[in-house]
Amino acid sequence: MEQVKVIVNGEKILCEKGITLYQLAQENARPLAGQDALLAKVDGVVKELYHTVSEDCDVRFLTYSDPEGKKAYTRGITMVMLKAFYKEVPKDKFEKVTVENSLDTGFYCTLSGTAELTQELLARVENRMRKYIEEDVVFEKKSMSVEKAIRLFEERKMYDKTSLLKYRRSSKVNVYKLGKVADYYYGPMPYSTGVLKQFRLELFDKGFVFVIPKMSEPTELPSFEPSMKLHKTLQQASEWGVKLATENVGQLNDIIVNGELRELMLVQEALHEKRIGDIAEQIAASGKVRLVTIAGPS
């Protein structure tokens, strides 16, 4: 078997030509300091671990302690969570799970549909997620035409994806599959679910959060201590998105294409003015405020 020279995280080795990056990581785990390889940089280019090594190269495996690795971990755990919700919530009561925004050490999510979001449901979802992780299911990457991907997501009522993809200029798109669950992600994924060991689901406000480790402590789950003021502001921004039909990039593209961007800007400005007016009324009504400081973009 033909061999190639590879520098793995600074160490020179010989390996068989055609070996996958996943196999290379399994055979050379020592330089990773006990962490799982999530992606790899091959001669400076980020690649998923299903890619093969066909020539001499420099490989640096990316773990949770790398920004690209953490992002891949987050995308992976999101898809596992979606698959678990599909299984635990009856189809007639499920609409969608939305990852709204990052918040402290987690990501705030909402469940749409008629199903009641309870701690018991979250416990079932988390247990099923851990089952999928224990099974070490491979994330399958499928390249398909944009038209086929749009039909696929329309069948699954994932209209935010279809709205986004209809403006894609490339004729092809990469869709990830985890069993029967399919989704589109802007960025690389881990090789399989087995590396997604650290997470926790918690009820929070009107939704829930999934908590993941900090980059500096990849094997420890931190406490979740969010800023309620920040959360309230982010929720207000989400509510404005619903009112203005700009919940996602696809909807914003529709507005731009239809020549309605100026109207959107004017309404946004009006909402900001109203918010400033509401704050002024609160200050005047309190009778105790002596100093007001304002910070933000001009």
Side-chain angles (χ1 to χ4, degrees), residues 1-81 83 102 105 107 129-144 170 172-179 183-199 210-222:
M1 180 67 72
E2 186 178 350
Q3 292 189 316
V4 291
K5 298 175 183 178
V6 180
I7 300 175
V8 179
N9 285 32
E11 295 187 6
K12 296 180 180 180
I13 65 167
L14 288 174
C15 65
E16 292 183 357
K17 183 177 181 179
I19 189 173
T20 65
L21 291 168
Y22 176 76
Q23 292 171 314
L24 191 62
Q26 298 300 303
E27 294 175 6
N28 297 272
R30 189 175 62 81
L32 302 181
Q35 293 194 57
D36 293 307
L38 297 167
L39 301 170
K41 270 190 178 179
V42 181
D43 292 333
V45 179
V46 176
K47 292 190 175 185
E48 292 166 307
L49 299 185
Y50 71 84
H51 285 281
T52 58
V53 177
S54 58
E55 59 186 8
D56 296 354
C57 58
D58 187 327
V59 176
R60 185 171 79 83
F61 287 109
L62 303 176
T63 66
Y64 195 90
S65 296
D66 298 287
E68 301 96 330
K70 184 180 178 182
K71 289 177 182 178
Y73 189 101
T74 303
R75 286 188 285 268
I77 203 72
T78 300
M79 191 167 190
V80 172
M81 179 181 70
K83 180 176 174 65
S102 61
T105 55
F107 289 81
M129 289 173 68
R130 297 196 184 282
K131 177 177 178 291
Y132 295 146
I133 290 166
E134 186 178 342
E135 292 172 352
D136 198 19
V137 186
V138 173
F139 290 100
E140 296 182 67
K141 186 176 184 178
K142 301 286 186 180
S143 179
M144 62 180 67
S170 174
K172 294 285 187 179
V173 64
N174 291 322
V175 173
Y176 290 92
K177 289 191 173 183
L178 190 62
D183 208 346
Y184 169 73
Y185 291 94
Y186 189 74
M189 295 283 273
Y191 181 81
S192 61
T193 61
V195 296
L196 309 172
K197 303 179 184 75
Q198 299 291 338
F199 72 94
F210 68 84
V211 179
I212 55 177
K214 298 177 182 178
M215 284 177 58
S216 58
E217 299 177 317
T219 60
E220 300 292 332
L221 276 178

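Basis for what follows: all heavy atoms, side chains included, without hydrogens, waters or symmetry-related copies. Quick caveat: nothing in here was measured; it's all calculated off a predicted structure.
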Asker: Under 6.0 Å from the CD atom of Glu140, do we count more than 12 heavy atoms belonging to anything else shown?
Answerer: yes
Asker: Give the C-alpha distance, both sets of side-chain angles, the deciding distance and a yes or no for side-chain contact (heavy atoms from CB on, under 4.5 Å) between Tyr176 and Asp183.
Answerer: CA-CA 5 Å; Tyr176 290 92; Asp183 208 346; 5.8 Å; no
Asker: Should Thr78 and Phe107 count as side-chain neighbours, where that means a heavy-atom distance under 4.5 Å?
Answerer: no
Asker: Between the side chain of Gln23 and the main-chain N/O of Thr20, is any donor-acceptor distance below 3.5 Å?
Answerer: yes
Asker: Within a strict 4.5 Å, meaning less than it, do heavy atoms of the Phe139 and Val80 side chains meet?
Answerer: yes
Asker: Please find the pair of heavy atoms, one from Leu178 and one from Thr193, that lie closest to each other, and give the distance.
Answerer: CD1-CG2, 3.8 Å
Asker: Do Val6 and Asn28 come within less than 4.5 Å of each other through their side chains, counting heavy atoms only?
Answerer: no
Asker: Between the side chain of Thr105 and the main-chain N/O of Pro222, is any donor-acceptor distance below 3.5 Å?
Answerer: no
Asker: Under a 4.0 Å N-O cut-off, is there an ion pair linking Lys131 with Glu135?
Answerer: yes
Asker: Rounded to the nearest 0.5 Å, what separation is found between the NZ atom of Lys214 and the OG1 atom of Thr219?
Answerer: 13.0 Å
Asker: Counting C-beta onward and ignoring hydrogens, is there a side-chain heavy-atom pair between Asp36 and Lys197 closer than 4.5 Å?
Answerer: yes
Asker: Are the side chain of Asp56 and the backbone N or O of Lys5 linked by a donor-acceptor pair below 3.5 Å?
Answerer: yes
Asker: Does Asn9 use its side chain to pair, donor to acceptor, with the backbone of Phe61 at less than 3.5 Å?
Answerer: yes
Asker: Could you tell me if Lys141 sits above the aromatic ring of Tyr50, with its cationic atom closer than 6.0 Å to the ring centre and no more than 45 degrees from the axis?
Answerer: no
Asker: Please report the closest heavy-atom contact between Pro190 and Gly76, naming both atoms and the distance.
Answerer: CD-CA, 4.2 Å
Asker: Taking all non-hydrogen atoms of both residues into account, name the closest pair between Ser192 and Asp136 and its distance.
Answerer: OG-OD1, 2.5 Å
Asker: Side chains of Pro188 and Val46: does their closest heavy-atom pair fall under 4.5 Å?
Answerer: yes
Asker: Does Asp58 use its side chain to pair, donor to acceptor, with the backbone of Asp43 at less than 3.5 Å?
Answerer: no
Asker: Atom NZ of Lys83 and atom NZ of Lys177: how far apart are they, to the nearest 0.5 Å?
Answerer: 11.5 Å
Asker: Quick one: is the NZ or CZ of Arg75 closer than 6.0 Å to the six-membered ring centre of Tyr186, and within 45° of its axis?
Answerer: no
Asker: Quick one: OG1 on Thr74 to CE on Met79, what's the gap to the nearest 0.5 Å?
Answerer: 15.0 Å
Asker: CD of Glu16: more than 12 outside heavy atoms within 6.0 angstrom?
Answerer: no
Asker: Please walk me through it: do Ile212 and Lys70 pass side-chain contact (heavy atoms from CB on, under 4.5 Å)?
Answerer: CA-CA 9 Å; Ile212 55 177; Lys70 184 180 178 182; 4.0 Å; yes
Asker: Could you report the tightest heavy-atom contact between Pro218 and Pro213, atom names first, then the distance?
Answerer: O-CG, 3.5 Å
Asker: For the atom pair CD1 (Ile19) and CG (Leu24), what is the distance rounded to the nearest 0.5 Å?
Answerer: 5.0 Å
Asker: Taking the side chain as every heavy atom from C-beta outward, state whether Val173 and Ser143 have any atom pair closer than 4.5 Å.
Answerer: no
Asker: Quick one: do Lys41 and Asp66 make a salt bridge, cutoff under 4.0 Å?
Answerer: no
Asker: Passes side-chain contact (heavy atoms from CB on, under 4.5 Å), Leu21 versus Lys47? Steps please.
Answerer: CA-CA 9 Å; Leu21 291 168; Lys47 292 190 175 185; 4.1 Å; yes
Asker: What pair of heavy atoms forms the shortest contact from Tyr184 to Asn174, and how long is it?
Answerer: CD1-O, 3.3 Å
Asker: Name the orientation class of the two ring planes belonging to Tyr64 and Tyr73 (parallel below 30°, tilted from 30 to 60°, perpendicular beyond 60°).
Answerer: perpendicular
Asker: Tell me the closest heavy-atom pair linking Val195 and Leu38, and the distance in Å.
Answerer: CG2-CD2, 3.4 Å
Asker: Does the pair Val53 and Lys17 meet the rule for a side-chain contact (heavy atoms from CB on, under 4.5 Å), with working shown?
Answerer: CA-CA 6 Å; Val53 177; Lys17 183 177 181 179; over 6 Å; no
